[in-house]
Amino acid sequence: MTVRSVGQIFKVNVEKAPERAFLHGPDGHVWSRSAFDLLAENIATKLAASGAESGERVTVVVEKTPQAFAIYLACQYAGYVYHPANIGYTDTELSFLVDDAKPKVVVCDPLRISVFEGGGAGVLTLDASGEGSLLEFDDNDEKYPAYSAESNDWAALLYTSGTTGKPKGAMLSQRNLLSNALTMLEAWQITDADRLLHILPIFHTHGLFVAGNTSLCSGCEILFENSFNLDAVFKRLPEATTFMGVPTHYGRILSDERLTAESTAKMRLFVSGSAPLDAISSDTFFEKTGHRVLERYGMTETNMLTSNPLDGDRVAGSVGQPLPGISVRIRKDGGELAAVGEIGIVEVKGPNICQGYLGLEQKTKDAFTSEGYFITGDLGFFNEKNYLTLSGRESDMIISGGFNVYPREVENALLDYEGIKEVAVFGVPHPDFGEGVTAAVVADKQGLNPKEIISAVKKVLAAYKTPKRIIFMDELPKNAMGKVDRKSMKVEYDDIYR
């Protein structure tokens, strides 16, 4: 049999070693490969009994649990299109997603059931303890129909964050998911000898595909936590070999005195993604542990695109080199390809790129060049060793006095100032410059002087890049994956220069 899906590879792993431990739950319960396989099989059958058929959407709005992860595997087995949504979304946001996705079955937390009842989809429940009608199996139910995956079959529907408008549903195929999982296994040398400490949400590509798919395909064991908790992290680190997190997680881990070379002695690989990890945090982590965090770059629509090397120079602040089989290029405003060191739009091409946006033919067309490259909307540049550094989103770029200002460059300069812990740079309307460069700062000591900070930045950056105003915050607004929410700050401080 030709393997064409992540689910098929996990089936092979089950056959090889059915009693091998696969998932260690937060409560101490251990699922073997065969036990987790059976759980997913039963869920697939339950979804079929509730109306789901191969190729139809299953929307999942539940807390992270091992049972919730098994829903994804069930969809792989039966050919359902897996559509996860953030449990933190409002009823209005969820209603939009369901109206757009048009699922045949919804699995939700019992507390949210009123949002979905009467909408035409079958509704099943799963609560935060891993119980609900989803797991009330009936021996009389016919097993879900056999599904033989094809590479171009639609496998998952993940919505973009919607920072530039209404969320768009990225349609990902079995080939998109499987090719990227196998590429990451090779790049990071993940094997069944590894033990992944899984603390990421599974409604997002990082926790679901980067962490989840590599585990299902490699057969490695998962130390599964329902959420990020420092005590749980440090309790399980001695058992783990790999860890995947976002910069917010690393910031909290760095602030804990339990982070030492001894506590991470058995670790093989720390991975960071979903947002840039600042160079200071990267260097401090290395000083404390002897481990250099590996940064990589991906998107909802593309899975993983680049990575710092497993063996070789891991450049702090860079997201590394293009992964095998993936083409990454930089194109300037005028349309010509950028030279080394020149900033432009990142464009990508490969078997990992989504099939387009659900129901949005024009937006899908606009997202690709005539040569088939996906236009990421991210700004970046390559150095002479082909390492990619991101400079921010095209939509985040500030035009001040007619000059382009890239937030990341200003943020890096501010982070070099003693006492600044976190920073986000954004532009808001300015009567003289069009947009005023503005910096939101989180300080780790008292008494920082905004004028002194601005004066220091002027020594390393051109005047037009220097912030016109420093705003001190207790913490930066962020989304669930630790990405700074510049949009909310731009709205809040829209009139500070007026």
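Here the structure is a predicted model, which means the values were calculated and not measured.
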Enquirer: Measure the acute angle between the ring planes of Phe36 and Phe22, then classify it against the limits of 30° and 60° as parallel, tilted or perpendicular.
Expert: tilted

Enquirer: With ring-ring contact (aromatic ring centres under 6.0 Å, His included) as the rule and sequence neighbours excluded, what pairs involving residues 335-362 come up?
Expert: none

Enquirer: Closest approach of Pro309 and Gly312, non-hydrogen atoms and distance?
Expert: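 Residues Pro309 and Gly312, closest heavy atoms: CG-C, 3.8 Å.
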
Enquirer: Between Asp192 and Arg20, is the closest basic N to carboxylate O distance under 4.0 Å?
Expert: yes

Enquirer: Does anything in residues 195-209 form a salt bridge (charged side-chain N to carboxylate O under 4.0 Å, His left out)? List the pairs, not counting sequence neighbours.
Expert: Arg195-Glu221, Arg195-Glu239

Enquirer: Closest approach of Leu197 and Glu225, non-hydrogen atoms and distance?
Expert: CD1-CG, 4.3 Å

Enquirer: Given Thr264, which partner from the list Lys266, Glu262, Met267 fulfils the side chain to side chain contact (heavy atoms under 4.5 Å, CB included) test?
Expert: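 Option passing the side chain to side chain contact (heavy atoms under 4.5 Å, CB included) with Thr264: Met267.
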
Enquirer: Under 3.5 Å, side chain of Ser307 to main-chain N/O of Arg296, donor-acceptor pair present?
Expert: no

Enquirer: Please answer whether the main-chain N or O of Thr466 pairs with a side-chain N or O of Lys458 as donor and acceptor at a distance below 3.5 Å.
Expert: no

Enquirer: Mark yes when over 12 heavy atoms from residues, nucleotides or ligands other than Lys421 sit less than 6.0 Å from its NZ; otherwise mark no.
Expert: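 For Lys421, atom NZ is not crowded (no more than 12 foreign heavy atoms under 6.0 Å).
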
Enquirer: Determine whether more than 12 heavy atoms belonging to other residues, nucleotides or ligands lie under 6.0 Å from atom CD of Gln189.
Expert: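 Result for CD/Gln189: enclosed.
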
Enquirer: Between Arg486 and Glu411, is the closest basic N to carboxylate O distance under 4.0 Å?
Expert: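 Salt bridge: yes.
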
Enquirer: Measure the CE-CG distance between Met184 and Leu310 for me, rounded to the nearest 0.5 Å.
Expert: 14.0 Å

Enquirer: Are any of the side-chain heavy atoms of Val423 and Val410 separated by less than 4.5 Å?
Expert: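 When only atoms from C-beta onward are counted, Val410 and Val423 do not touch, as no gap falls below 4.5 Å.
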
Enquirer: Can you measure from CZ (Arg236) to CG (Leu223) and round to the nearest 0.5 angstrom?
Expert: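 One finds 5.0 Å between CZ of Arg236 and CG of Leu223.
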
Enquirer: Judged by atom type as modelled, is there a donor-acceptor pair below 3.5 Å linking the side chain of Asp194 to the main-chain atoms of Thr241?
Expert: no

Enquirer: With a 4.5 Å heavy-atom cut-off, do Gln76 and Leu177 have their side chains touching?
Expert: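 They are in contact (side-chain heavy atoms under 4.5 Å apart), so the answer is yes.
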
Enquirer: Check whether Thr302 reaches the backbone of Gly298 with its side chain - one donor and one acceptor, N or O, closer than 3.5 Å.
Expert: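 Answer holds: no.
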
Enquirer: So Tyr72 and Asn213, do their side chains get closer than 4.5 Å, heavy atoms only?
Expert: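 The answer is yes; the side chains approach within 4.5 Å.
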
Enquirer: Closest heavy-atom contact between Pro84 and Leu157?
Expert: CD-O, 3.6 Å

Enquirer: What orientation do His291 and Phe270 show, parallel under 30°, tilted 30 to 60°, or perpendicular over 60°?
Expert: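 It falls in the perpendicular class, over 60°.
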
Enquirer: Check Lys349 against Gly372 and note the closest heavy-atom contact, atom names and distance.
Expert: CG-O, 3.7 Å

Enquirer: If we ignore hydrogens and angles and just use 3.5 Å, is the side chain of Asn308 paired with the main-chain N or O of Ser318 as donor and acceptor?
Expert: yes

Enquirer: Do Leu97 and His83 make a side-chain contact, defined as non-hydrogen atoms from C-beta onward lying under 4.5 Å apart?
Expert: yes

Enquirer: Count the heavy atoms belonging to other residues, nucleotides or ligands that lie under 6.0 Å from NZ of Lys332, then report whether that count exceeds 12.
Expert: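 Yes, because the 6.0 Å sphere around NZ of Lys332 holds more than 12 heavy atoms from other groups.
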
Enquirer: Hey, is CZ on Arg252 packed in by over 12 heavy atoms from elsewhere, all under 6.0 Å?
Expert: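 12 or below, so no.
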
Enquirer: Would you mind telling me which of Asn303, Val348, Leu172, Asn180 makes a side chain to side chain contact (heavy atoms under 4.5 Å, CB included) with Ile353?
Expert: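 Looking at Asn303, Val348, Leu172, Asn180, the match for Ile353 under the side chain to side chain contact (heavy atoms under 4.5 Å, CB included) is Val348.
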
Enquirer: Quick one: which of Phe228, Phe285, Tyr250 gives a ring pair (Phe, Tyr, Trp, His ring centres under 6.0 Å) with Phe243?
Expert: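 When ring pair (Phe, Tyr, Trp, His ring centres under 6.0 Å) is applied between Phe243 and each of Phe228, Phe285, Tyr250, only Tyr250 qualifies.
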
Enquirer: Please check this pair: side chain of Gln355 against backbone of Asn152, looking for a donor-acceptor N/O pair closer than 3.5 Å.
Expert: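 Confirmed, Gln355 side chain pairs with Asn152 backbone.
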
Enquirer: Is any side-chain heavy atom of Arg314 closer than 4.5 Å to a side-chain heavy atom of Ser282?
Expert: no

Enquirer: Do you know the tightest heavy-atom contact between Tyr82 and Ala68?
Expert: OH-O, 4.2 Å

Enquirer: Show, in sequence, the C-alpha distance, side-chain angles and deciding distance for Thr369 and Ile375, and conclude whether the side-chain contact (heavy atoms from CB on, under 4.5 Å) test is met.
Expert: CA-CA 7 Å; Thr369 71; Ile375 305 166; 3.8 Å; yes

Enquirer: If you draw a 6.0 Å radius around CD in Glu371, do more than 12 non-hydrogen atoms from other residues or ligands fall strictly inside?
Expert: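 Check passes, neighbour count above 12.
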
Enquirer: Under 4.0 Å between a side-chain nitrogen and a carboxylate oxygen: does that hold for Arg4 and Glu150?
Expert: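 Salt bridge between Arg4 and Glu150, a charged N being under 4.0 Å from a carboxylate O: yes.
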
Enquirer: Is Tyr80 close to Tyr147 at the side-chain level, that is, under 4.5 Å between some pair of heavy atoms?
Expert: no

Enquirer: Short question: side chain of Arg33, backbone of Asn13 - any donor-acceptor pair under 3.5 Å?
Expert: yes

Enquirer: Is it true that a side-chain atom of Thr306 and a backbone atom of Val319 form a donor plus acceptor pair closer than 3.5 Å?
Expert: yes

Enquirer: Nearest 0.5 angstrom please: Glu342 CD to Ile330 CD1, how far?
Expert: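 Atom-to-atom, Glu342:CD and Ile330:CD1 are 10.5 Å apart.
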
Enquirer: When you look at CD of Glu336, are more than 12 heavy atoms from neighbouring residues, nucleotides or ligands closer to it than 6.0 Å?
Expert: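 Yes - once you tally the heavy atoms of other residues, nucleotides and ligands closer than 6.0 Å, there are more than 12.
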
Enquirer: If we only count heavy atoms from C-beta on, is the Leu305 to Leu323 side-chain gap below 4.5 Å?
Expert: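 With C-beta onward as the side chain, the pair stays apart.
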
Enquirer: Roughly how far, to the nearest 0.5 Å, is the CG atom of Leu259 from the CD atom of Glu287?
Expert: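 That separation rounds to 11.5 Å.
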
Enquirer: Could Asp283 and Arg292 be called an ion pair, given the rule that one side-chain N must be under 4.0 Å from one carboxylate O?
Expert: yes

Enquirer: Determine the interplanar angle of the His198 and Phe69 rings, folded into 0 to 90°, and report it as parallel if under 30°, tilted if 30 to 60°, perpendicular if over 60°.
Expert: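 Plane angle between 30° and 60°, so tilted.
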
Enquirer: At their closest point, which heavy atom of Leu208 faces which heavy atom of Ile202, and how far apart are they?
Expert: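 Between these two residues, the closest heavy atoms are CB-O, 3.6 Å.
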
Enquirer: Nearest 0.5 Å please: distance from the CD1 atom of Ile190 over to the OG atom of Ser218.
Expert: 6.0 Å

Enquirer: Hydrogens and angles aside, do Ser173 and Asn176 bring a side-chain donor and acceptor to less than 3.5 Å of each other?
Expert: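 A donor-acceptor contact under 3.5 Å links the two side chains.
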
Enquirer: Could you walk me through whether Ile87 and Phe203 satisfy the side-chain contact (heavy atoms from CB on, under 4.5 Å) test, starting with their C-alpha distance in whole Å, then the side-chain angles of each, then the deciding distance to 0.1 Å, before giving a yes or no?
Expert: CA-CA 9 Å; Ile87 191 71; Phe203 59 78; 5.7 Å; no

Enquirer: Look only at the side chain of Thr300 and the backbone of Thr160, and say whether a donor-acceptor pair between them is shorter than 3.5 Å.
Expert: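 Such a contact is absent between Thr300 side chain and Thr160 backbone.
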
Enquirer: Under 3.5 Å, side chain of Ser400 to main-chain N/O of Glu435, donor-acceptor pair present?
Expert: yes

Enquirer: For side-chain contact (heavy atoms from CB on, under 4.5 Å), just list the numbers for Thr242 and Val271, CA-CA rounded to whole Å, side-chain angles, deciding distance to a tenth of an Å, and then say yes or no.
Expert: CA-CA 8 Å; Thr242 57; Val271 177; over 6 Å; no

Enquirer: Could you tell me whether the side chains of Asp313 and Tyr387 share a donor-acceptor contact shorter than 3.5 Å?
Expert: no

Enquirer: Between Lys487 and Phe426, is NZ or CZ placed under 6.0 angstrom from the six-membered ring centre and within 45° of the ring axis?
Expert: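 No, Lys487 does not lie over the aromatic ring of Phe426.
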
Enquirer: With rounding to the nearest 0.5 angstrom, report the OG1 to CH2 distance, Thr214 to Trp188.
Expert: 7.0 Å

Enquirer: Take Tyr464 and Val405 through the test side-chain contact (heavy atoms from CB on, under 4.5 Å) and record every step on the way to the result.
Expert: CA-CA 8 Å; Tyr464 72 89; Val405 179; 3.7 Å; yes

Enquirer: Quick one: does Asp231's side chain get under 4.5 Å of Arg258's, heavy atoms only?
Expert: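 A side-chain contact exists here, since the closest heavy-atom pair is under 4.5 Å.
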
